[in-house]
Amino acid sequence: MHIHGVIGIGFGPSNLALAVALQEAVPAGRLDALFIERQPSFAWHPDMLLGSARMQVSFLKDLATLRNPASRFTFLNYLHGKRRLQDFINLKTFYPSRHEFNDYLKWAAEQFAERCAYGEEVIEVLPEEQGDEVALLRIRSRTADGRIQERLARNLVLGVGGAASIPECFIPLREDGRIFHSSTYLRNAARHGAARRIAVVGAGQSAAELFLDLARRDAHTRVDLITRARTIKPSDDSPFVNEIFNPEYTDFVFSRPAPERAALLEEFMHTNYAAPDLALIEEIFRLFYEQKVADGTRHRFLRRHEIDAARSEEGGVALDLHDLDSGERVRCRYDAVVLATGYRRDLHRSLLAPLSPHLGDFAVERDYRLQAAPGFRPGIFVQGCCEPTHGLSDTLLSVLAVRTQEISQALLARGALTQPAAADGGKRLRLLASH
Ligand SMILES: Cc1cc2nc3c(=O)[nH]c(=O)nc-3n(C[C@H](O)[C@H](O)[C@H](O)COP(=O)(O)OP(=O)(O)OC[C@H]3O[C@@H](n4cnc5c(N)ncnc54)[C@H](O)[C@@H]3O)c2cc1C
């Protein structure tokens, strides 16, 4: 079986940026990298591509600019290629729509089509032993038609994003299609077009976007925004605070002792969690104001409400709501419940579970490599699940370009040097790891 120099699991922005960084670091056709992506083609959070949604970071934090502004994979080069650069300048914004940014990412991903196996979900990673050592990794994936595919690699980079975080009381109701997470919003909203009464649970950017999207859908839908928080606070993206997303800040966070890192995360949590953009909050406030002017009660903002219990009933999903301020308890029924309750970042642990005797508690080095026991030779790198050690930028686009430079340098430093270009004109890329 062919042994790949590096396999990437997931082909979202993180591993796409890695593909770009590797391509620019190694002469054409002399690197063996393959990415495995479960979606049938490239798509960036496709079920949250709402008509009005905008980026929350500057377009300059694209796949390449902060590493190499002269890269051909920059957002500006994409605009130039699409003949929209001048028009974009006239928009006078740093924040394109998410639709446009998705199109940019897709444009970049298309240039790596031969290096990505789409429609395959990696299900586990197994150790491949030689004597007393683990020499290679065996990556097992399932194709859309149920076939199991196996590949060998010397190095692995996981960029699998987050998994829907579901509040405890909804876990037993997983089979009820009327309850769904924001990560599957658009496909479910289409199915629940006729829903009259909808609850949106959460207080972050997605909750705010979905509340507005649903409230504007038609004149009959009634939407409750249910939050445990006292109010909706805006994300802080003021310039000094924004410095925590600078790539250099990762060095600072990583160098601190664990309790200090935890305190830093807590102090700056409001830059990213339970904190929508101010403009969105103002729109929601205006909607409620206009409702007051019209003496209406169609939509409700149920702040300081805890969901004590949830039940699937024939006539709707029943939520037992506890008003934490007044102490009052009420039962409300909904045709659909949307959980805008965020993401867990622990998918790597389940995929790598068969390797856990060698990886301990999945501690990560500054260069994103997982620490491993002696005799474990493959390099395993992780993107997007290092917030506790590398800081709040880790789950975002902010450090993509620089982080993937660090990972590609680490891969190359592991002896990932090239061999002469393959006879197939460079379609198959070879990356040799010397151990
Ligand atoms: C709606 C939304 C909007 C956002 N907007 C912004 C923004 O404006 N700015 C910002 O900085 N951040 C934003 N984020 C944060 C987001 O995490 C990053 O933008 C970015 O998507 C991270 O890229 P990633 O590749 O690490 O993860 P993802 O984009 O989640 O990509 C992971 C990929 O791995 C694939 N995958 C997962 N498991 C497997 C498996 N077992 N086998 C094969 N493939 C697998 C998935 O299908 C997916 O394509 C947003 C997040 C959401 C949910």
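All ligand and atom numbering here is 1-based and tracks the order in the structure.
Checking only distances, Ser398 never comes within under 3.5 Å of ligand 1, N or O to N or O. Taking only nitrogen or oxygen atoms, main chain and side chain alike, Arg38 reaches within less than 3.5 Å of ligand 1. Residue Glu37 places at least one N or O, backbone or side chain, under 3.5 Å from an N or O of ligand 1. Backbone and side-chain nitrogen or oxygen atoms of Ser206 are examined, and none is located within less than 3.5 angstrom of a nitrogen or oxygen of ligand 1. Below 3.5 Å of separation, one finds an N or O of Gln39 facing an N or O of ligand 1. Residue contacts with ligand 1: Gln56 is placed with a nitrogen or oxygen under 3.5 Å of a nitrogen or oxygen of the ligand (distance criterion only). Considering backbone and side-chain N/O of Trp44, one or more are found under 3.5 Å from N/O of ligand 1.
Atom 24 (P) of ligand 1 is flagged as protein-proximal [any protein heavy atom, distance under 4.0 Å].
The distance from ligand 1 to the heavy atoms of Arg345 drops below 4.0 Å at these ligand atoms: 17 (O). Close approach of ligand 1 to Gly159 (heavy-atom distance below 4.0 Å) involves ligand atoms 32 (C), 33 (C), 34 (O). Less than 4.0 angstrom separates some heavy atom of His45 from each of these atoms of ligand 1: 2 (C), 16 (C), 21 (O), 29 (O), 30 (O), 51 (C), 52 (C), 53 (C). Against a heavy-atom cut-off of under 4.0 Å, Val57 is close to the following atoms of ligand 1: 9 (N), 11 (O).
Look at Glu120 and Arg151 and you find a salt bridge, because one of the NZ, NE, NH1 or NH2 atoms lies within 4.0 Å of a carboxylate O, short of that distance. Salt bridge annotation for Arg345-Asp394: absent, with no cationic side-chain nitrogen under 4.0 angstrom from a carboxylate oxygen.
The aromatic rings of Phe35 and Phe11 are tilted relative to each other, their planes meeting at an angle between 30° and 60°. Between His299 and Phe211, the two ring planes are perpendicular [angle over 60°; tilted spans 30° to 60°]. A parallel orientation is assigned to the rings of Phe59 and Phe94, their planes being inclined by less than 30° (bins at 30° and 60°).
For atom 34 (O) of ligand 1, the nearest non-hydrogen atom from the set Pro13, Ala53, Gly161, Gly10 belongs to Gly10. The closest heavy-atom contact to atom 42 (N) of ligand 1, among the options Val122, Leu396, Leu397, comes from Val122.
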Criterion side chain to side chain donor-acceptor pair (under 3.5 Å) on Thr143 and Asp145, from CA distance to verdict: CA-CA 5 Å; Thr143 59; Asp145 57 8; 2.5 Å; yes
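Residues Phe75 and His80 keep their aromatic ring centres 6.0 Å or farther apart.
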